[in-house]
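Residue numbering restarts at 1 for every chain, and letters A, B, ... go by the order of the sequence lines. Everything numeric in this text was worked out from a predicted model, so none of it was measured.
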There are 2 protein chains.
Amino acid sequence: MTNTREPGDARAQILSAAARLMAAHGFDGTSLQDIADAVGVSKPAVLHHYPSKEHIRAAVLQSILEHWREALPRLLLAASSGEGRFDAVFTELQRFFGESPDRARMLVREGLDRPDEFRKLLRGTVRPWLGAATEYVRTGNSLGRQHDDLDAEAYVIIALQMVVFTNALGPVVSAAIDAGPEGRERYHREVARIARSALFARPPKAPSGQ
Amino acid sequence: MTNTREPGDARAQILSAAARLMAAHGFDGTSLQDIADAVGVSKPAVLHHYPSKEHIRAAVLQSILEHWREALPRLLLAASSGEGRFDAVFTELQRFFGESPDRARMLVREGLDRPDEFRKLLRGTVRPWLGAATEYVRTGNSLGRQHDDLDAEAYVIIALQMVVFTNALGPVVSAAIDAGPEGRERYHREVARIARSALFARPPKAPSGQ
DNA sequence: CCTACCGATCGGTAGG
DNA sequence: CCTACCGATCGGTAGG
């Protein structure tokens with residue numbers, strides 16, 4: 001009956017539009033009017049739900065971190081062990097950013113635009129998970145399946161960074177290969193292969209038994 | 001005697017300031033007044049040397065590409081062969097972007113802000129070099145020293161991408177490891193190790209003979 | 001949530 | 001008449 005929006009809906013629409021626009025054009029390249037137009041409301045209406053443009057940016061970042069914390073258990077509890085577990089975790093990671101490249105783009109932009117704040121964000125949010133991932137890498141390392149000159153902590157960060165950048169600029173960079181849609185496929189497959197072969201000293205061919 | 005600037009000096013100063021500001025704050029986050037202030041002239045003076053802000057952006061990108069074309073011979077002619085040549089090329093690549101992270105930041109920003117134009121830029125500028133690099137990787141592959149499931153073209157692009165991103169966001173991301181300056185060192189070393197071990201099936205320990 | 005505005009600053013250009 | 005600028009202001013738009 002009531003075609004009027006329920007409260008909270010407008011906020012969600014504003015957040016969604018802002019996330020998409022800011023990921024595409026940046027914070028400075030996105031005006032409150034752009035967001036208002038995308039939602040179909042007036043500019044003051046936007047500022048009724050969020051007190052300032054800066055608050056909208058914070059909310060967009062916060063929603064990304066929420067999704068991240070939500071996906072963390074799935075990432076960490078990815079089944080199996082050893083090389084199989086790596087593939088499972090890496091696949092989940094690719095899915096997380098692949099299903100919404102805007103997340104990756106927003107994170108890259110934040111790193112460029114506000115390096116100091118972004119550093120703190122990384123330390124506060126990624127650090128806990130980083131510890132667990134590093135532990136896993138070190139465990140595999142002690143079992144002698146991995147490269148002995150591997151820097152576990154640095155590796156985890158760089159692998160994560162590769163996934164983020166791949167999804168942030170992948171469509172642009174992968175086009176340098178060729179025009180076909182297979183270009184993206186090859187690109188993503190090679191990213192996974194690089195991360196895997198940089199981790200395991202003996203490249204996994206076919207899992208025998210396990 | 002004459003403390004007056006010779007012609008061309010002002011243009012170079014504007015270009016330098018614009019490159020630094022746009023790399024740090026983006027195109028939309030940099031005003032003509034910001035550039036004018038950085039150089040110490042008026043805004044109309046800036047617009048006398050470059051007809052518009054857009055022309056300044058084009059000039060900044062152009063200067064990066066000039067440096068790139070200038071560094072290309074050094075990159076391609078990096079001595080030795082096989083794994084030694086890889087290290088030489090990769091080191092030169094790291095130096096190119098490492099000596100001016102603003103270049104890397106500007107490229108990443110362009111990829112985010114103007115994906116279509118950036119794609120054309122990649123195709124026009126990086127493509128020729130890409131062919132040579134891919135050929136080199138394929139040659140090594142046929143000699144059986146490299147992973148047989150390696151996608152040469154995709155690998156080259158991703159390796160290049162890793163160097164660009166490492167230098168664009170390195171100081172921010174590497175801080176996630178720890179506060180010390182050694183963090184950056186470890187970070188860069190691990191990037192090189194990942195690229196190398198993803199390329200060569202047998203990790204190089206010590207060059208014997210050759 | 002709208003219309004109607006503010007101080008300021010945007011990119012760009014006027015006359016001199 | 002040219003260049004290399006200046007102070008002032010253009011029409012619009014930013015965040016609020």
Side-chain angles (χ1 to χ4, degrees), chain A residues 1-63 106 109-110 112-114 117, chain B residues 1-63 106 109-110 112-114 117:
Chain A
M1 295 310 166
T2 60
N3 275 347
T4 57
R5 294 193 197 94
E6 58 267 37
D9 187 18
R11 276 182 68 95
Q13 281 186 273
I14 291 170
L15 192 66
S16 172
R20 178 173 45 86
L21 290 168
M22 287 185 180
H25 311 293
F27 180 80
D28 291 318
T30 302
S31 69
L32 288 175
Q33 193 65 59
D34 291 336
I35 299 171
D37 291 347
V39 179
V41 297
S42 70
K43 193 171 60 176
V46 172
L47 289 168
H48 167 75
H49 292 287
Y50 293 94
S52 73
K53 194 184 172 189
E54 191 59 47
H55 281 80
I56 297 179
R57 156 145 72 175
V60 170
L61 263 182
Q62 195 58 38
S63 75
M106 186 73 185
R109 284 192 182 279
E110 282 295 306
L112 287 170
D113 291 345
R114 319 204 317 183
E117 291 80 354
Chain B
M1 293 306 171
T2 61
N3 275 349
T4 58
R5 294 194 197 94
E6 58 267 35
D9 188 17
R11 275 183 69 95
Q13 281 186 273
I14 290 169
L15 192 66
S16 173
R20 178 172 46 84
L21 290 168
M22 289 185 177
H25 311 294
F27 179 80
D28 292 317
T30 303
S31 68
L32 288 175
Q33 192 63 60
D34 291 336
I35 299 171
D37 291 346
V39 178
V41 297
S42 70
K43 195 171 57 176
V46 171
L47 289 168
H48 168 77
H49 292 287
Y50 293 93
S52 74
K53 196 184 171 187
E54 191 58 48
H55 281 79
I56 297 179
R57 158 149 64 177
V60 169
L61 263 182
Q62 196 59 37
S63 76
M106 185 72 185
R109 285 191 182 280
E110 282 294 307
L112 287 170
D113 292 345
R114 320 203 318 183
E117 291 81 353

How many angstroms lie between atom CG of B/D28 and atom NE2 of A/H25, to the nearest 0.5 angstrom? 10.0 Å
Whole-Å distance between C/dA8 C1' and B/Q33 CD? 12 Å
A/S16 side-chain N/O to A/Q13 backbone N/O, donor-acceptor pair under 3.5 Å: no
Of the listed nucleotides (D/dG16, D/dC6, C/dG11), which one gets closest to any side-chain atom of B/S42? D/dC6
Spacing of A/I35 atom CD1 relative to D/dT13 atom P, expressed in whole Å: 17 Å
Candidates C/dC1, C/dT13, C/dG11 - which lies nearest the side chain of A/A10: C/dC1
Whole Å only: how far is the CG atom of A/L47 from the C1' atom of C/dT3? 15 Å
Calculate the interatomic distance between B/I56 atom CD1 and C/dC10 atom P; express it in whole Å. 14 Å
Pairwise C1' distance, C/dG15 and D/dC5 [rounded to whole Å]: 13 Å
Under 3.5 Å, side chain of B/T30 to main-chain N/O of B/L21, donor-acceptor pair present? yes
In whole Å, what separates the P atom of C/dG12 from that of D/dA8? 22 Å
Please tell me which of the listed nucleotides, C/dC2, C/dG12, D/dG16, lies nearest to the side chain of B/K53? C/dG12
When rounded to the nearest 0.5 angstrom, what distance separates CZ in A/R114 from CZ in A/F27? 7.5 Å
N or O in side chain of B/H49 less than 4.0 angstrom from D/dC5 OP1/OP2: yes
Under the salt bridge (charged side-chain N to carboxylate O under 4.0 Å, His left out) test, which residues partner A/D113, sequence neighbours left out? B/R109
Nucleotide D/dG15, atom P - distance to NE2 of A/H55 in whole Å: 15 Å
Expressed as a whole number of Å, how far does the C1' atom of C/dA4 sit from that of D/dG16? 13 Å
In whole angstroms, the gap separating C1' of C/dC1 from OH of A/Y50 amounts to 16 Å
Can you identify which nucleotide, out of C/dG11, D/dT3, D/dA8, has its nearest atom closest to the B/P44 side chain? D/dA8
Please determine, for the side chain of A/A45, which listed nucleotide (D/dT3, C/dG12, C/dC2) has the closest atom? C/dC2
Side chain of A/V41 only, heavy atoms from C-beta on: which candidate in D/dG15, C/dC2, D/dA4 is closest? C/dC2
Protein-nucleotide distance (B/Q13, atom CD; D/dA4, atom P), rounded to Å: 14 Å
Rounding to a whole Å, what distance do you find between B/R11:CZ and D/dC5:P? 12 Å
Is B/S31 near enough to C/dC10 that one of its side-chain N or O atoms lies under 4.0 angstrom from OP1 or OP2? yes
